Structures are given as structure tokens and as C-alpha cells.
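Working notes for the structure below.
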4 protein chains.
Amino acid sequence: MLKKGEQTKEHILICAEKAFSRKGYYESQVSDISKLAQIAKGTIYQYFRNKESLYISLIEKYVVEWENKVALNLNDFMGQGISQDYARAYLRHRIAKTMAFFAENQDRANIILRMSSGLNDVIEHVVRIFEDSVMKAIVDDIKIGQQFGHISSSLNIDFAGNVILGGVLRISYFYFVLKKQNYNIHDMDSLTDEMVKVIENTLNMYQPEKN
Amino acid sequence: MLKKGEQTKEHILICAEKAFSRKGYYESQVSDISKLAQIAKGTIYQYFRNKESLYISLIEKYVVEWENKVALNLNDFMGQGISQDYARAYLRHRIAKTMAFFAENQDRANIILRMSSGLNDVIEHVVRIFEDSVMKAIVDDIKIGQQFGHISSSLNIDFAGNVILGGVLRISYFYFVLKKQNYNIHDMDSLTDEMVKVIENTLNMYQPEKN
Amino acid sequence: MLKKGEQTKEHILICAEKAFSRKGYYESQVSDISKLAQIAKGTIYQYFRNKESLYISLIEKYVVEWENKVALNLNDFMGQGISQDYARAYLRHRIAKTMAFFAENQDRANIILRMSSGLNDVIEHVVRIFEDSVMKAIVDDIKIGQQFGHISSSLNIDFAGNVILGGVLRISYFYFVLKKQNYNIHDMDSLTDEMVKVIENTLNMYQPEKN
Amino acid sequence: MLKKGEQTKEHILICAEKAFSRKGYYESQVSDISKLAQIAKGTIYQYFRNKESLYISLIEKYVVEWENKVALNLNDFMGQGISQDYARAYLRHRIAKTMAFFAENQDRANIILRMSSGLNDVIEHVVRIFEDSVMKAIVDDIKIGQQFGHISSSLNIDFAGNVILGGVLRISYFYFVLKKQNYNIHDMDSLTDEMVKVIENTLNMYQPEKN
DNA sequence: CATGAATGAGTTTTCATTCAT
DNA sequence: TATGAATGAAAACTCATTCAT
């Protein structure tokens, strides 16, 4: 059981989560949080140096929570049947836990996943337009592929489309924004080839009805 | 050729792009943009109703630019050899153009892809910690898979890792934040199965050294 | 003639002088100044980084003003009679100008001379009690000296008392607070001797009715 | 021996003295004092109505302490030799005790003598610039006087300069800020004359090497 | 069209003070 | 008495937006 101070701090974090989830970092005001928490503004500053540090505490909490949820002793999966089976079980565990991590807490998911978090509603909407355009192109392409028989008509289009969109945007982000890897023009070609391969696999192209 | 007014408006958009790229929407001030553009603050308001509408104009421009870049008449790819070939060529075209779209304009990529756009440096850094944690887990798992021989040792780990991260985050975002699709608990299982399948394909698991 | 911007800045400085003069630095609020100046609070921040820098600007202006007032070419006093005469004239000029500097601008004098400037009225009053106690002791001593005939009965008691109080406090401040000079216990004795000598001179003790 | 309550009150006063000495009234926070005293903030309010009253108590304590230190029965000095001698001894006693009063307690001296007490470091520094400017002018003048032979070259410049500065500032303060005395323009002249006379005495001008 | 000084509503943040334990 | 968590009024400061020139 937490003592008074710890309780209040926890309470503030939970209310801050609600506030940031609804309106993002910049559009949320400290007074919103204090109202949600039904405490005085000053009380928040007893526990957090400022608004920024409150937000940071929240994210840091998420990192710990995710690690606790996902982590599992590798040994638990070993020594049980053939290695391929437990490798798949292990992978499944990771994926299931990560998705559950987002599914079980709406506010947390909003904060972590809202890709252009912190923008106000009007802007958020326009930012979505871009993603929707790209998504629409992907979906249309899949449908054409299905008409031509390259892609199984039983494919879950939404699912496949989002995996592809996520992959392309993330790859672009990694190589062109973060630029942790230097790449040259030639790499662009092989990057594209790799991406095409992944997408073909995802779509099971050219192998319709194979399973 | 653009007239004076159009020129100034275009100039403002380019400078706004620089500013928003560096500091995101909220941390960029109208005065930053006017300084970059070497014009008076008031002039910006001659062309844009307010800061928000300036940002929106930018994103809307991006949608058009991307569509122009990516769009291509399907006919161009048809009537040339077997349909499988032009389907692949078409997919390749889409991917190549989209990645080039990001690669060729750093500021644009920053604005569209910076997944927690608009947050200040300190916060941005902590948000990255979360993604880095997830990424690290994926990379570690891939390495273990390679040690056990389930995954080809020639796999580009950064590439595969980012595709997977992008896919998982986007799927979570789509189903748990946007929630355009209702899902029930049973769906969570099949969602996970689908995701596992995609990842196995991406990693070419169980078929190491096959190619 | 000053242009618009310079005029406003000057106007703010003058109003800040009034405000600081009345209530000191801490008790004066930026909104007090803006009200006095009949401008918006924000306007003040167009010209001064913050309240502190506004106060500093004021003091820096005073330094320049005093220097301009007091400074005089030494040559102006030379070549006119014997050197003792122009030395006295020069000294007189310095003193007269410095005192006029304070006498001619009430607010400026308040800000520079209010020895415990910035304290609120209640506290200011108590701080005065200390000075008044010391002053009273000095005045009483002078009166006793007059009764005993050591001190001329025509002495301006207020004047002499304040000179002595100012001297003693300043010497204490210089040696015991600023401590630019190291001193040892022995110095205390000679310091006292020096001080006694100055006071005796000021009081013309032992030489009553001599002039 | 003090009882518990009295002890605590005394302890708080001593810690408040430290705090106010370091940062002045406004920049010192009640929490600073409670931390120094290693007691809870609330405890301070058991003994003092508020921060202001704590400060006032301190100053009032100083008045008593100074009076105790300086006061001495006039009779002690009488009946012992000629009156001139004990008059001088008496004056010496007053001066010595007052200076010791400041020298023996650094914090007390800081609080009472810091002439612009309560201002923060940055501002304090600029306020010093004014005093330094005036002091520099005085010192320079004294040096010129020494070159011309009006002033003894053995004069302690720092001492004389500070006595003069203290005297001039105090006189200005008394007549132009406190204005307990009305004065008219003609008085300015005689005020100046008096001041010049005092300074000449202090500097022993025109009588170099006379002693 | 262009300017940039002026605006003031809106935010964050501080800190002396209170009061239930 | 002593505590320290909670308070909230009050202050500094910001910055998008306006408008007279």
C-alpha cells in the first residue's frame, strides 16, 4: 500500500494520462490536469518540477510497464519440443503482449501511438489526410491485385494495408529522418527491392490460394 | 511564372517548412518563420488566416505533391509482357516514388514522419526511449533467432527490425487508437496470428539459407 | 527627436522609475508599470527582456547621468588664482552636483539612496528603527558634548549626525561586508582611532567657538 | 536556561538570520529557513505570524543587542580626570562598540548594512556599479589632491573615501528622501558648504604634513 | 502590399500560508 | 508542539494576432 504522498503522485500521473491522451502535450494545460485530479494546481508542482517533467515521468513509466509486460524468461519456452515451435511461441508472446499493452489502456495507446501527438484537432485531421491518401492508394492497389488474381481475395485488406503503411513510413523515418545509417543512391534501389519483397510476402502475391 | 503575391506566399511556405521541420508546430513561432523569410510578421497574415492554416496549407501541399509523384497511369504498365511482371513493376514504382518523396526533401520528411512531431527536444528524446526499447527487443530477438539458425544470418537486421516495428505500431494504432474497426477479444488472437505470420515472412523464418 | 520605438522605451523607463521609487523592486509589479505607462504588459517585454533587465537599465542610465552631471574638465578650474582655490572650487563642484543630482529627481534619489530598497512599508519602517536608534544615540551624544562645552552650540546637529552615521555605516559596510580589505584585530583599533578623529573634526570638538 | 519553545524560537531566528543574510528578504524563502533549521515549515508559523513578522523580530533583536552593546553608564566615564579626556573616551567607546557590533556577526552586518538589501545577485551587482562610480571619482580626486600637495600622501585613501561616500549619500538620503527637514534652494548652498568643510577636515586639506 | 509596434488573453510557475493529523 | 501535504492567489512572461501607418 502506498503512503499519502505516493498515492497523490500516482493519482496525478493517471489524470495527466487522461488529459494528454485527449489533447496531447501542448493543448493540455496544467489546470486541465488539476481539475481532472480535483486538486490544486500547486499540488502538481509538489510532485513534478514542471509540466514537461510530468510528461516525461509518464513516458518513463510506460517503458517500464511495457518491459515488465513483454519480458519473459527465454528458458520458459525452451526444452519443450522442437526449437522451431518455441521460437514461434516466443515471437507470438512478444507480439500478443505488445498489442495487449496498447489494447488494454486506451489513454496510453493514444499517447504513445498518436503519430503526430500533441497537435490540435484541426491539424490532426489534416495530418490524417496524408496518411489516408497513402492508405487509400495501398488499398486500391491491393484491390486491383485481387481483380487480376495476383492477390488472394480472402486477404484482410485493412490489416495488410496498415502493416505495409507502417513498414514504409517507419523505414522512411529510420533512413531519411533519423539517418542512423548512411545510405547512398544505390542503396535506395536495394532498399526499395527489400521493401517490395516484404510487401509481396505480406500479400502472398503470386502464390494465391497456395495455403 | 508566379506573380509577386504568389511568389511571396510560396516563399513563406518554404520557410515555414524549414521552421516546422526544426521545431515542430508548437515550438515554432510565427516570428521564427518571418525571420527565416526575412519579411515582417504581419505579411504572413496577408497570405494565411493564422498559424494553423499555414501549417494546414503545407500538409495539403504535401498530399498533392505525393499524389503527383506516385500516381501513374496503370496503362503505362500494361500490355507489356505478362501481368505478373507489370504488377511487380507497378508495386516497385509506388514504393520507389514514395521513398524518394521522403528522401528528397529532408524538411518534408521531418514534418510528415516525425512520429511525435511538435514536441520539444527534451520530450522528443524520452519518447524515442520507448521506441528504442521496443526496437532493441526486436533486434535482440532476431539475433537470437540467427544464433539458433531460424533466421538467415544474412538478414539486414535494421531493415527487418524497422519494418516489423512500423507494422506493429501501425496495426496497434489502427485497431486500438483509430478503432475504425470494432474488434472483440477473439479478434486479438487472430490479429496476433496474422502479425506473427507477416513477421515470419519478413524474417523468412524457418527457411534459412533457402534462397 | 526620438523615433516611435525609442520614445516608448524612454516612456517605460520613466514610469518604471516612478513605480520602483514608490514600492521598490520586489513590491513593484510589471502590471503597475504598464498601468502607469498606460500601455499593455506585453509592450514592456518588447523593450526589456524581463523585469530585472528593466531595473538594471534604469540603474545604468543613472550611472551615465551622474557622470555627465559631475564630470568637468579639470582645466576649467586651473589657471585661475592659486591652486588651493581651484582645488576647493573643484571639490565644491563635485559635491554640489552630486547633491543636486539627488535633489532634482525625487524618484531617482529614492531608488538609489533608499538604503534597504525594495522592502515593503512595514519592514522598511522597522529597518528605520535601527537607524533611528543609532541616530538618536549620536544626537544625544552631541547634545551632551554641547552641554559640557566640547562642541559648539551652533553646530547643525542633524547635519553632523547624518554625516557621522553615514560614515560609520559605510566604513562598517566596506570593511565588514564587502571585505575588499583584509583586516585583523589590531586594525580594528586603528580603524576606530581614524573614525574618532574624523568625527572630532566634523564636530570641531575641543575647538568650540574657534572659527 | 530557555525552555523548549523559547529554544526553538531562538533557533529559527538564527537560521532566518543566515538565510536573510545570504539572499535578502525577498529572495529568501520560508522553506530555505525551515531547511536550514531542519524543522518543518509549519513550525515556523507556530512562533511567528508570518515571514514579515519573523524579519521584523530579527531587526528588533538587533536594536536591543546594539543598545546593550553600546550603552554604558555615563558616570563610568566621569569623575576621572578632565572632561575632555572622558568625552573622547566615551566617543571612542561608542565607535568601537558599534564597529565591533558589525564585525563580530557577519550575517547581522549583511542584513543591516547591505545598502540595497534584498535584491538578487544580478541587480545587486548593478547597484554596486553606481556606488563604485562615485567611489572611483572620490578616490581619483584624492589622488589628484595628493599630487598637487593639498592632501597628505600618507592618507588612507580607502578609509577617507568611504567616510566621504557614506556621508554624502546619507546626507542626500536625509534631506532629499526622508525630507524630515524642509529645505529651500538657498539651503542647498549652505548644505554644500558644510559638506565641503567636513570633507576638507576629513582630508586634512591645506594642512598636509601638519601633524 | 508590407510593416512592426502594440496588444492582452492565456499559461506556467511560485511560495507564503493553512490545517488535519 | 510539530509536521508537511495541500492550497490558490498572485506574479512573470509568452506569443499569435491586429491595425495604423
Side-chain angles (χ1 to χ4, degrees), chain A residues 3-9 12 26-34 37-54, chain B residues 3-5 7-9 12 26-35 37-54, chain C residues 3-9 12 26-34 37-54, chain D residues 3-5 7-9 12 26-35 37-54:
Chain A
K3 43 178 120 130
K4 194 77 187 305
E6 291 296 313
Q7 255 179 50
T8 307
K9 187 169 187 178
I12 291 170
Y26 287 99
E27 300 276 325
S28 300
Q29 283 142 234
V30 174
S31 61
D32 292 340
I33 297 169
S34 78
Q38 306 208 66
I39 55 169
K41 253 185 299 177
T43 306
I44 292 174
Y45 287 88
Q46 294 263 357
Y47 294 95
F48 301 93
R49 204 170 52 267
N50 52 28
K51 182 181 159 187
E52 182 178 290
S53 119
L54 171 54
Chain B
K3 334 176 180 149
K4 189 75 186 310
Q7 257 181 44
T8 306
K9 186 169 186 177
I12 291 170
Y26 287 98
E27 299 275 324
S28 299
Q29 284 152 232
V30 174
S31 63
D32 291 340
I33 298 168
S34 78
K35 266 173 218 151
Q38 305 207 63
I39 55 168
K41 249 189 304 181
T43 307
I44 291 175
Y45 287 86
Q46 301 272 349
Y47 294 95
F48 300 93
R49 202 170 58 266
N50 52 27
K51 184 184 166 185
E52 185 178 286
S53 115
L54 171 52
Chain C
K3 38 175 122 127
K4 192 74 186 307
E6 291 297 313
Q7 253 180 50
T8 306
K9 187 169 186 176
I12 291 170
Y26 288 99
E27 300 277 325
S28 299
Q29 285 142 233
V30 174
S31 61
D32 292 339
I33 298 169
S34 77
Q38 305 207 64
I39 55 169
K41 249 184 306 173
T43 307
I44 292 174
Y45 288 89
Q46 295 263 355
Y47 294 95
F48 302 93
R49 204 170 52 269
N50 50 30
K51 184 182 159 186
E52 182 179 289
S53 119
L54 171 53
Chain D
K3 20 182 145 134
K4 189 77 188 308
Q7 256 180 47
T8 308
K9 188 169 186 177
I12 291 169
Y26 287 98
E27 300 273 325
S28 298
Q29 286 151 229
V30 174
S31 64
D32 291 340
I33 297 169
S34 78
K35 266 174 218 150
Q38 307 208 64
I39 56 168
K41 249 188 301 179
T43 306
I44 292 174
Y45 287 85
Q46 300 274 348
Y47 295 94
F48 301 94
R49 202 169 59 267
N50 51 28
K51 183 184 167 186
E52 186 179 286
S53 116
L54 172 53

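It should be emphasised that the depicted structure is a prediction, and the values quoted were computed from it without experimental measurement. Convention: sequence-line order gives letters A, B, ...; per-chain numbering from 1. All heavy atoms count here, side chains included; hydrogens, waters and symmetry mates do not.
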Indicate whether OP1 or OP2 belonging to E:dT14 is found under 4.0 Å from a side-chain N or O atom of A:Tyr45. no
Side-chain N or O of C:Thr43 closer than 4.0 Å to phosphate OP1/OP2 of E:dA5: no
Give one of base, sugar-phosphate or nothing for [X], where a contact means two heavy atoms less than 4.0 Å apart.
X: C:Gly5; value: nothing
X: C:Thr8; value: sugar-phosphate
X: C:Tyr47; value: sugar-phosphate
X: D:Lys41; value: base
X: D:Ser28; value: sugar-phosphate

What is the distance from [atom1] of [X] to [atom2] of [N], rounded to the nearest Å?
X: D:Phe48; N: E:dA16; atom1: CZ; atom2: P; result: 15 Å
X: A:Asp32; N: E:dT11; atom1: CG; atom2: P; result: 8 Å
X: B:Lys35; N: E:dA2; atom1: NZ; atom2: P; result: 20 Å
X: D:Leu54; N: E:dT17; atom1: CG; atom2: C1'; result: 14 Å
X: D:Glu52; N: E:dC15; atom1: CD; atom2: P; result: 17 Å
X: B:Tyr26; N: F:dT14; atom1: OH; atom2: C1'; result: 15 Å
X: C:Ile44; N: F:dA11; atom1: CD1; atom2: C1'; result: 13 Å
X: C:Ile12; N: E:dT7; atom1: CD1; atom2: P; result: 9 Å

Look at the side chain of D:Lys51 and decide which nucleotide, out of E:dA16, E:dT13, F:dT3, has an atom nearest to it.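 Selected nucleotide (nearest to the side chain): E:dA16.
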Minimum-distance nucleotide to B:Gln29 side chain [options: F:dC15, E:dT11, E:dA6]: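 Side chain of B:Gln29 sits closest to F:dC15.
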Taking pairing as Watson-Crick or G-U wobble with both contacts under 3.5 Å, can you name the mate of E:dT21, or confirm there isn't one?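 The base-pairing partner of E:dT21, which may sit in any strand shown, is F:dA2.
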Does the structure show a Watson-Crick or G-U wobble partner for F:dT14, both distances under 3.5 Å? Name it, or say none.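 Base partner found: E:dA9.
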For D:Lys51 and D:Tyr26 the tightest heavy-atom approach is NZ-O, 3.8 Å
Starting from the 5' end of DNA chain E, give me the residue, A:Val30 or B:Gln38, whose nearest nucleotide shows up first. B:Gln38
Rounded to the nearest 0.5 Å, how far does [atom2] of [Y] lie from [atom1] of [X]?
X: C:Thr43; Y: C:Lys41; atom1: OG1; atom2: NZ; value: 11.5 Å
X: A:Gln29; Y: A:Glu27; atom1: CD; atom2: CD; value: 8.0 Å
X: C:Ile33; Y: C:Ile12; atom1: CD1; atom2: CD1; value: 9.0 Å
X: A:Ile44; Y: A:Ser34; atom1: CD1; atom2: OG; value: 5.0 Å
X: A:Ser53; Y: A:Tyr45; atom1: OG; atom2: OH; value: 9.5 Å

Between C:Asn50 and D:Ala40, name the one whose nearest nucleotide on DNA chain F is closer to the 5' end. D:Ala40
Tell me if the side-chain of C:Gln46 makes a donor-acceptor pair with the base of E:dA5, cut-off 3.5 Å, by modelled atom types.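 By the distance-only test, no, there is no pair.
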